[in-house]
Amino acid sequence: MSQHSYQFDDLVAIEDIIRRVARASLEVYYHHSTASYKTDGSIVTDADLAMQTALTEALLERFPEVRMLGEEISEQEQKAVFTSDEDFWCLDPVDGTTNFHATLPLFSVSLALISKGEICLGVVYDPNRDECFSAIKGQGFWVNREKLERPQQPAQLQQAIAFVDFKRLDTPLCVSLVTDTPY
């Protein structure tokens, strides 16, 4: 298990890696995306695969002790990483692949760092707006490296704003969310 304590300098390095890799990997495929379907019905594009490979290699150079749990590796590999005691990255290389494939500019690169069984660091990068949202557990969160204060949180779920992907929810929950009927 890693004893590394992650700091803002690590976060800056991670953001730089993600930005660099996204520019090199995503732009190539954005208007020329090809897709295949996974067994769960979701799609995977060449951009997903290229982004995951390039990010894995770049992060390994900076953080050789941290393994990769990527969306596009086999279930067996995922299980091996997830059940180890080591720190690991949890990556969705193109979060919003369907949008990416349809050239709808609503997608991002999502990366979290799991240490000692807890999320300790996270980065969401929107390459279309060149916006990077990041946080370190117990240290705060930033947008493009500008530290922000935590906003007032809604007291009730009805006051929250949420985006829901209904295709992966069971029917009773979908009906409950749409009709405001208790689940």
Side-chain angles (χ1 to χ4, degrees), residues 1-30 35-36 38-40 42-101 106-145 147-148 163 165 168:
M1 186 174 295
S2 173
Q3 300 301 315
H4 190 84
S5 176
Y6 299 97
Q7 303 298 321
F8 185 72
D9 289 347
D10 295 314
L11 193 65
V12 168
I14 294 162
E15 288 178 5
D16 288 345
I17 290 168
I18 292 172
R19 279 189 159 100
R20 178 176 44 82
V21 171
R23 284 186 195 109
S25 298
L26 295 180
E27 290 178 12
V28 172
Y29 296 101
Y30 187 55
S36 57
K38 298 188 233 180
T39 56
D40 69 357
S42 61
I43 64 173
V44 60
T45 66
D46 289 341
D48 289 287
L49 300 172
M51 188 70 190
Q52 181 165 300
T53 298
L55 255 180
T56 299
E57 291 170 0
L59 288 167
L60 192 58
E61 284 180 32
R62 169 87 164 132
F63 302 95
E65 72 283 0
V66 182
R67 298 175 68 181
M68 177 62 75
L69 174 66
E71 187 178 32
E72 308 311 333
I73 64 175
S74 74
E75 189 175 326
Q76 182 179 358
E77 291 171 302
Q78 288 178 359
K79 187 179 243 180
V81 172
F82 192 73
T83 57
S84 77
D85 286 338
E86 300 172 23
D87 289 3
F88 64 90
W89 302 108
C90 185
L91 173 66
D92 188 340
V94 182
D95 194 354
T97 301
T98 301
N99 291 345
F100 179 89
H101 184 61
L106 299 171
F107 59 90
S108 62
V109 178
S110 296
L111 181 71
L113 181 60
I114 314 299
S115 181
K116 301 176 186 128
E118 294 185 358
I119 299 170
C120 66
L121 180 150
V123 177
V124 175
Y125 176 60
D126 178 348
N128 292 295
R129 291 169 194 80
D130 193 30
E131 289 185 319
C132 201
F133 303 85
S134 54
I136 301 174
K137 185 176 182 174
Q139 296 179 45
F141 67 98
W142 296 263
V143 175
N144 291 335
R145 299 183 185 157
K147 191 165 186 174
L148 300 176
F163 296 94
D165 183 354
R168 291 195 172 103

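None of the values given here were measured: they were computed from a predicted structure. For this chain, numbers begin at 1 and follow the sequence in order.
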Minimum-distance pair of heavy atoms, taken over all atoms of Ser5 and Gln7: OG-NE2, 3.0 Å

Whether Tyr30 and Phe107 hold their rings parallel, tilted or perpendicular, with breakpoints at 30° and 60°: tilted

Test log, rule side chain to side chain contact (heavy atoms under 4.5 Å, CB included), inputs Val124 and Asp95: CA-CA 9 Å; Val124 175; Asp95 194 354; over 6 Å; no

Set of side chain to side chain donor-acceptor pair (under 3.5 Å) partners for Glu71, sequence neighbours left out: none

Where Ala112 and Ile119 come nearest, the two heavy atoms and their spacing: CB-CG2, 4.3 Å

Heavy atoms of other groups near Leu148 CG, more than 12 under 6.0 Å: yes

Over all atoms of both residues, closest heavy-atom pair of Glu15 and Val123: CG-CG1, 4.3 Å

Shortest non-hydrogen contact between Asp48 and Val94, atoms and distance: OD1-CB, 3.2 Å

Spatial distance of atom CG (Leu26) from atom OH (Tyr125) [nearest 0.5 Å]: 9.0 Å

Residues that Lys79 engages under side chain to side chain donor-acceptor pair (under 3.5 Å), provided they are two or more places apart: none

Gap between atom CG of Leu69 and atom CG of Leu113 - 0.5 Å precision: 11.5 Å

Spacing of CD belonging to Gln52 relative to CD belonging to Glu57, to within rounding of 0.5 Å: 11.0 Å

Interatomic distance, Tyr6 atom OH to Leu11 atom CG [nearest 0.5 angstrom]: 12.5 Å

Phe82 atom CZ: more than 12 heavy-atom contacts under 6.0 Å: no

Chi angles and distances behind the side chain to side chain contact (heavy atoms under 4.5 Å, CB included) call for Val44, Thr97: CA-CA 7 Å; Val44 60; Thr97 301; 5.8 Å; no

Donor-acceptor under 3.5 Å (Ser108 side chain, Ser110 main chain): no

Where Ile136 and Phe8 come nearest, the two heavy atoms and their spacing: CD1-N, 3.6 Å

Separation between OG1 of Thr83 and CD of Gln78, rounded to the nearest 0.5 Å: 11.5 Å

Check: Cys132 main-chain N/O paired with Asn144 side-chain donor or acceptor under 3.5 Å: yes

Minimum side-chain heavy-atom gap Val81-Met68 below 4.5 Å: no

Check: Trp89 and Leu55 side chains under 4.5 Å, non-hydrogen atoms: no

Nearest-0.5 Å distance, CD1 of residue Ile114 to OG of residue Ser84: 11.0 Å

Salt bridge (Lys or Arg N to Asp or Glu O under 4.0 Å): pairs with one or both residues in residues 124-134, sequence neighbours excluded: Arg19-Asp130, Arg23-Asp130, Asp126-Arg129

Leu59 vs Leu111, side chain to side chain contact (heavy atoms under 4.5 Å, CB included): CA-CA, chis, key distance, verdict: CA-CA 11 Å; Leu59 288 167; Leu111 181 71; 3.9 Å; yes

Exercise: identify the closest heavy-atom pair between Glu86 and Glu65: OE1-O, 4.4 Å

